[in-house]
Asker: 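Sending over a structure as structure tokens; questions will come in a sec.
Worth saying up front: this structure is predicted, and the values here are computed from it rather than measured. Below, chain A is the first sequence line, B the second, and so on; all start at residue 1.
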Protein chains: 2
Amino acid sequence: MYSLAEENYLKAIYHLESKSQGAVSTNAIADAMDTKPSSVTDMVQKLAEKEVLSYIKYKGTSLTKKGKKTAANVIRKHRLWEVFLVEKLNFHWDEVHDIAEQLEHVHSEELISRLDKFLGFPDFDPHGDPIPDKHGNVKPTEKKLLSELNKNQKGVCVGVKESNSDFLQYLDKKNITIGTKVSVLGKEFFDGSMVIQVGRDQFFISKKIAENLYIQTN
Amino acid sequence: MYSLAEENYLKAIYHLESKSQGAVSTNAIADAMDTKPSSVTDMVQKLAEKEVLSYIKYKGTSLTKKGKKTAANVIRKHRLWEVFLVEKLNFHWDEVHDIAEQLEHVHSEELISRLDKFLGFPDFDPHGDPIPDKHGNVKPTEKKLLSELNKNQKGVCVGVKESNSDFLQYLDKKNITIGTKVSVLGKEFFDGSMVIQVGRDQFFISKKIAENLYIQTN
DNA sequence: CTTTATTTTTAGCCTTGACTAAAAATAAAA
DNA sequence: TTTTATTTTTAGTCAAGGCTAAAAATAAAG
Ligand SMILES: [Mn+2]
Ligand SMILES: [Mn+2]
Ligand SMILES: [Mn+2]
Ligand SMILES: [Mn+2]
């Protein structure tokens with residue numbers, strides 16, 4: 001059994017590792033966890049002894065198979081609880097993250113497997129992120145950022161990259177949610193901004209918005 | 001906001017206080033929490049500074065209004081989660097306590113108020129214990145122990161005193177659950193044992209069983 | 001190649017919530 | 001009312017997880 005702090009480190013390292021290949025640096029972890037590098041070094045050394053990650057002084061860390069599975073399981077719990085909060089308790093998708101951050105640390109295999117069933121074995125959380133199975137495996141999905149599309153391409157919104165409240169509320173205002181069809185009417189190469197069509201509306205979006213929306217084309 | 005340890009102390013003291021009038025002794029708390037008296041003294045001094053209980057050296061502690069409300073709120077969360085686990089996830093009533101013990105420490109007013117609504121504002125948990133309202137108030141119910149009934153009296157089972165697995169599984173075996181009608185056919189004054197009728201069955205029960213079943217007569 | 005800047009680690013300290021052993025109060029017996 | 005037993009508190013440690021400041025590696029410039 002891993003402590004709350006250990007689980008959070010594993011989760012953070014898992015996410016960092018998937019966002020950039022190679023070992024994860026101490027500073028990157030400290031940054032992601034809003035803590036100090038010295039604290040990270042301590043914890044990472046402890047986790048290396050527990051064989052959930054391999055750590056080479058001054059070189060960084062990377063999760064072992066065991067560590068990856070543990071991290072994926074925490075993420076699985078986080079995302080299943082987010083589904084519960086949105087689908088069953090009618091929370092809005094921008095309100096669930098902090099609560100799930102607590103619920104993900106409740107230890108009970110049985111609880112999660114029953115929750116999974118209760119929710120109808122969902123594949124994605126409310127932000128479009130895939131829910132790992134109980135072995136820690138994630139189905140790979142082919143999605144790209146809206147910012148990668150060009151003029152006249154279109155697709156369906158299948159997820160958000162950042163999911164902070166401000167961004168999600170912006171999407172609501174524009175009636176964009178998971179499943180929404182989006183077409184690129186124009187793209188400005190100077191600043192990466194776009195004009196897109198959503199339903200009957202067409203409007204301008206900045207590069208920053210386009211870089212945070214996942215689209216599936218085909 | 002109170003830490004997990006603080007919440008558990010408050011809860012334990014709340015229960016001890018309701019089971020016996022007057023200040024609660026340090027040893028009683030240590031006993032209930034399966035910890036050492038010296039640890040209790042430490043924590044109780046800390047909680048006294050936070051004004052959730054009043055503590056007089058060598059005399060014991062008792063919760064303040066603030067402490068009672070906080071404790072009742074933790075208990076409210078515990079019991080609502082137990083209802084959720086049984087009613088929605090189909091857990092058995094003897095499996096839910098340890099999970100609820102973790103879930104009760106998730107901090108979110110909104111979560112609990114939505115959960116309450118989702119469950120249909122239940123008044124009792126799966127073991128028949130009353131669920132405090134959000135202000136920490138508990139409706140008083142007039143129930144007595146089965147052991148207090150005499151020959152030819154009858155009533156409805158409305159709760160269990162102890163709720164450990166062995167006891168609950170015994171009740172299942174005898175088809176006794178919340179709502180079951182129970183009649184006392186005979187009572188042995190020497191050892192407090194009884195012969196009772198449940199449905200079509202009539203059988204012998206020990207004093208210990210009778211002392212752990214709450215009955216409502218009328 | 002040195003020198004400088006950045007990253008990472010170490011050393012030492014802090015808080016929380018435990019524990020043990022010893023001291024002090026209080027309660028019970030004699 | 002002494003003496004003894006029990007309860008409670010204090011003093012001193014410890015592990016987990018943080019932090020700061022200083023030292024050591026590594027990387028980047030000059
Ligand atoms: Mn989240
Ligand atoms: Mn999510
Ligand atoms: Mn319980
Ligand atoms: Mn209960």
Asker: Using side-chain contact (heavy atoms from CB on, under 4.5 Å) as the criterion, list what pairs up with A:N8, not counting sequence neighbours.
Answerer: A:L4, A:K11, A:M33, A:E101, A:E104, A:H105

Asker: How many Å lie between CE on B:M43 and P on D:dT8, as a whole number?
Answerer: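 About 18 Å, once rounded to whole Å.
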
Asker: In whole angstrom, what separates A:D42's CG from D:dT20's P?
Answerer: 13 Å

Asker: Quick one: list whatever passes side chain to side chain donor-acceptor pair (under 3.5 Å) with B:E148, sequence neighbours left out.
Answerer: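 Expected list: none.
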
Asker: Could you tell me how far apart A:M1 (CE) and D:dA16 (C1') are, to the nearest whole angstrom?
Answerer: 17 Å

Asker: To the nearest Å, give me how far apart CD (A:E49) and P (D:dA16) are.
Answerer: 11 Å

Asker: Tell me whether the NZ or CZ atom of B:K69 lies within the 45° cone about the ring axis of B:Y14 and under 6.0 Å from its centre.
Answerer: no

Asker: Could you check how far NZ of B:K50 sits from C1' of C:dT15, rounded to whole Å?
Answerer: 12 Å

Asker: Round to a whole Å and report the spacing from CD of A:Q45 to P of D:dG18.
Answerer: 14 Å

Asker: Verify the contact: side-chain N or O of B:N27 to OP1 or OP2 of D:dT6, cut-off strictly under 4.0 Å; return yes or no.
Answerer: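 For B:N27, the contact criterion (side-chain N or O under 4.0 Å from OP1 or OP2 of D:dT6) is not met.
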
Asker: Just to verify, what does A:H97 make a ring-ring contact (aromatic ring centres under 6.0 Å, His included) with, not counting sequence neighbours?
Answerer: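 ring-ring contact (aromatic ring centres under 6.0 Å, His included) check on A:H97 returns A:H78.
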
Asker: Less than 3.5 Å apart, which donor and acceptor atoms pair up between the side chains of residues 37-45 of chain B and the rest of the protein, not counting sequence neighbours?
Answerer:
unit_1	atom_1	unit_2	atom_2	d
B:T41	OG1	B:P37	O	3.2

Asker: Go through residues 7-21 of chain B and report each residue with a non-hydrogen atom lying under 4.0 Å from DNA chain D, sorted by number.
Answerer: none

Asker: Please work out which residues in residues 28-41 of chain B have a non-hydrogen atom less than 4.0 Å from an atom of DNA chain D and list them by number.
Answerer: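 Of all residues in residues 28-41 of chain B, the ones placing a heavy atom under 4.0 Å from DNA chain D are B:P37, B:S38, B:T41.
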
Asker: Show the atom names and distances, to 0.1 Å, of all donor-acceptor pairs under 3.5 Å that link a side chain in residues 157-164 of chain A to residues at least two apart or in another chain.
Answerer:
unit_1	atom_1	unit_2	atom_2	d
A:N164	OD1	A:D166	N	3.0
A:N164	OD1	A:F167	N	3.1

Asker: So if I take residues 52-61 of chain B and measure heavy-atom distances to DNA chain D, which residues fall below 4.0 Å?
Answerer: B:Y55, B:K57, B:Y58

Asker: Not counting sequence neighbours, which residues clear side-chain contact (heavy atoms from CB on, under 4.5 Å) with B:D133? List them please.
Answerer: B:H135, B:N137

Asker: Report all side-chain donor-acceptor pairs from residues 17-24 of chain B shorter than 3.5 Å, counting only partners two or more places apart or in another chain.
Answerer:
unit_1	atom_1	unit_2	atom_2	d
B:E17	OE2	B:L63	N	3.2
B:S18	OG	B:H15	O	3.0
B:S20	OG	B:L16	O	3.2

Asker: Is there a donor-acceptor pair closer than 3.5 Å between any side-chain N or O of A:K143 and the backbone N or O of A:L213?
Answerer: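 Not at all, since once roles are kept as given, no pair shorter than 3.5 Å links the two residues.
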
Asker: Using the test ring-ring contact (aromatic ring centres under 6.0 Å, His included), find all partners of A:F84 that sit at least two apart in sequence or belong to another chain.
Answerer: A:W81, B:F84

Asker: Can you sort out the partners of B:E110 under side chain to side chain donor-acceptor pair (under 3.5 Å), two or more places apart, ordered by chain and number?
Answerer: B:R114

